[in-house]
Amino acid sequence: MKNSWNKRSLIGIKDLSASEINFLLDTAQKLKESGKSKIDSQFSLKGKRIVNLFLEPSTRTRIAFEVAAKSLDADIISIAEKSSSLTKGESLRDTACNIQALGADAIVLRHSSPGSAHFLSKMIDVPIINAGDGAHEHPSQALLDIFTLREKLGNLKGKKITILGDILFSRVARSNIWGMLKLGAEVTLSGPSTLVPQKMEELGVTVSYDLEKAIDEADAIMLLRIQHERQTQTHFPSLEEYSRMFGLRKNGCKPSAKTLILHPGPINRGVEIDTSLADSENSVIIDQVSNGVIVRMAILHLCCAENNQVIL
Ligand code: CP
C-alpha cells in the first residue's frame with residue numbers, strides 16, 4: 001500500500017483523508033502482526049524523547065502512549081498539571097517552549113481547551129499529538145475505535161454504527177463521527193435531545209431520540225458517559241431517569257446478541273450500561289484498550305520517525 005501520510009502533528013480526524021486514516025490503521029495492523037517481542041527495526045524511535053503533557057486526568061490514553069513509546073524504544077516523560085510550573089502561572093506556550101528546549105522531539109497534549117493542540121502546533125517546532133482538547137477532538141481514541149471495528153467487522157463501508165449518550169460534550173464522538181463517515185459507515189446519534197442536538201444531522205449523520213430504533217440492526221453501538229466535568233447546567237432530570245431512558249440494560253433496552261458494544265472509558269456502570277452487558281461476549285471494551293497501544297505506536301511512528309515513509 002502506498003504511503004499516504006505526510007503529517008507531523010495529529011490534531012484531529014477532521015483533517016485526515018480516508019487514505020491517511022487507512023494508512024495509519026494498516027501501519028497499526030502491521031505492528032500488531034509483528035508481535036510484542038520483536039518490533040521491526042523500521043518502526044524504532046530509539047533516541048527520540050516524547051513528552052506526555054497531560055493537563056486533565058487520564059488513565060488509558062496517558063498509559064497507552066507511555067507503553068507505545070517504550071515499545072518503540074523511545075524515551076517518554078509524563079508531566080501532570082499539578083507537578084508542573086503551570087500552577088505558578090506559566091502559560092501553555094511557555095511551558096511547551098521550555099519542554100522543546102529541554103530536548104523533546106514530540107509532545108502529546110491533553111488539555112481542557114478546544115483548539116489547544118492546534119495552537120501549540122503553530123507555536124513550537126515539534127510534532128504535537130492531540131490526546132483530547134476539551135469537547136473538540138480525541139483523534140487517537142477514534143483511531144483505536146475504528147481499528148477495533150475494522151478488526152471485528154471488516155471494512156466499515158455501509159456498516160451501521162450508533163453513538164449513544166452525551167454527544168454534545170464528547171470529543172470522542174466528534175472524532176469518531178468524522179472518521180466513521182470518511183470510511184463510509186452509516187452513523188446514528190442517540191441520547192436525550194438536550195445532549196444530541198438535531199443540528200448535528202448537518203454532519204451527515206442520523207439523529208434519533210428513540211433508543212430502540214437507534215440500536216435496531218446496528219452493527220455496533222458506542223456508548224459515552226455523561227461528561228459532568230464539562231457541563232455547566234443540568235441536561236436531564238436525574239441519572240436514574242437517564243439510565244432508564246438511554247442506558248443499555250439487560251432487563252430493558254439492549255442490543256441484539258451480534259451487535260458489538262464499544263465504550264472509550266471510563267465506564268459508569270449502572271448509568272450508561274449494566275455490568276452484565278459491559279462484560280458480555282459482544283463487548284469489545286477491553287479490546288479497545290489493548291488496541292490503543294498498537295494504534296498509538298503507529299501514531300508516534302508516523303509523526304516522529306525521521307524516515308516515516310514505511311511502504312506496507
Ligand atoms: N478514553 C479515554 O480518553 O480515557 P482516559 O481519560 O482514561 O485517557
Side-chain angles (χ1 to χ4, degrees), residues 10-14 24-25 28 50-71 76-84 106-117 128-149 151 161 163-180 191 195 220-231 260-269 271-273 278-279 283-300:
L10 176 63
I11 306 301
I13 303 292
K14 190 179 178 189
L24 192 144
L25 299 181
I50 317 285
V51 172
N52 253 351
L53 181 57
F54 273 62
L55 307 179
E56 268 194 341
S58 169
T59 298
R60 281 147 289 267
T61 313
R62 182 178 57 78
I63 295 175
F65 271 113
E66 285 179 12
V67 177
K70 286 177 183 170
S71 302
I76 182 150
I77 299 158
S78 287
I79 305 172
E81 182 167 28
K82 285 197 176 77
S83 59
S84 78
I107 297 178
V108 182
L109 177 70
R110 172 166 288 191
H111 198 284
S112 57
S113 296
S116 48
I128 302 296
I129 295 160
N130 182 5
D133 59 334
H136 177 226
E137 282 231 33
H138 192 346
S140 66
Q141 179 67 47
L143 289 164
L144 76 88
D145 294 336
I146 294 170
F147 182 86
T148 306
L149 285 168
E151 229 176 25
I161 300 166
I163 306 179
L164 169 60
D166 174 359
I167 313 284
L168 187 61
F169 294 95
S170 174
R171 54 197 177 202
V172 175
R174 255 173 265 300
S175 288
N176 267 297
I177 291 168
W178 291 119
M180 289 169 180
L195 292 173
I221 302 173
M222 176 177 292
L223 292 162
L224 301 171
R225 75 183 170 88
I226 307 296
Q227 286 160 92
H228 299 285
E229 71 274 23
R230 281 192 260 285
Q231 298 181 3
L260 298 176
I261 298 175
L262 294 93
H263 195 309
I267 301 176
N268 290 144
R269 291 173 187 258
V271 180
E272 65 266 17
I273 187 167
D279 300 335
S283 164
V284 294
I285 296 170
I286 292 300
D287 301 79
Q288 289 172 266
V289 178
S290 305
N291 285 335
V293 173
I294 299 293
V295 168
R296 287 169 177 124
M297 285 167 74
I299 293 170
L300 291 175

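Along the sequence shown, residues carry numbers from 1. First listed ligand is number 1; within each ligand, the first listed atom is number 1.
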Asker: Show your reasoning for whether side chain to side chain contact (heavy atoms under 4.5 Å, CB included) applies to Asn176 and Ile146.
Answerer: CA-CA 8 Å; Asn176 267 297; Ile146 294 170; 3.9 Å; yes
Asker: Using the side-chain contact (heavy atoms from CB on, under 4.5 Å) definition, which of the options Thr61, Ile129, Asp145 pairs with Ser140?
Answerer: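 Exactly one pass, corresponding to Thr61.
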Asker: May I ask you to list the atoms of ligand 1 that are less than 4.0 angstrom from any heavy atom of Gln141?
Answerer: 1 (N), 2 (C)
Asker: Looking only at side chains, do His263 and Arg225 share a donor and an acceptor under 3.5 Å apart?
Answerer: no
Asker: Does any N/O atom on Arg62 come nearer than 3.5 Å to any N/O atom on ligand 1?
Answerer: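 Arg62 vs ligand 1: no N/O contact under 3.5 Å.
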Asker: Heavy-atom contact check, 4.0 Å cutoff: does Gly132 meet ligand 1?
Answerer: no
Asker: Just by distance, do the side chain of Asp133 and the backbone of Gly115 share a donor-acceptor pair under 3.5 Å?
Answerer: yes
Asker: Give me the nearest non-hydrogen protein atom to atom 2 (C) of ligand 1 as residue plus atom name, then the distance to 0.1 Å.
Answerer: Thr61 OG1, 3.6 Å
Asker: Please list, in number order, the atoms of ligand 1 under 4.0 Å from a heavy atom of Thr59.
Answerer: 5 (P), 7 (O), 8 (O)
Asker: Quick one: does Arg171's side chain have a donor or acceptor within less than 3.5 Å of a partner on Gly134's backbone?
Answerer: yes
Asker: Looking at Gly265, which atoms of ligand 1 are within less than 4.0 Å of one of its heavy atoms?
Answerer: 1 (N), 2 (C), 4 (O)
Asker: Report yes if Pro264 has an N/O atom closer than 3.5 Å to an N/O atom of ligand 1; otherwise report no.
Answerer: yes
Asker: I'd like to check the side chain to side chain contact (heavy atoms under 4.5 Å, CB included) partners of Lys14; sequence neighbours left out, ordered by chain and number.
Answerer: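 Once residues adjacent in sequence are excluded, the partners of Lys14 under the side chain to side chain contact (heavy atoms under 4.5 Å, CB included) criterion are Glu137, Trp178.
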Asker: Which residue pairs pass the salt bridge (Lys or Arg N to Asp or Glu O under 4.0 Å) test when at least one of the two sits in residues 287-300, sequence neighbours left out?
Answerer: Lys152-Asp287
Asker: What protein heavy atom is closest to atom 4 (O) of ligand 1, reported as residue, atom name and distance in Å?
Answerer: Arg60 NE, 3.1 Å
Asker: Answer yes or no for Arg110: is there a heavy-atom contact with ligand 1 below 4.0 Å?
Answerer: yes
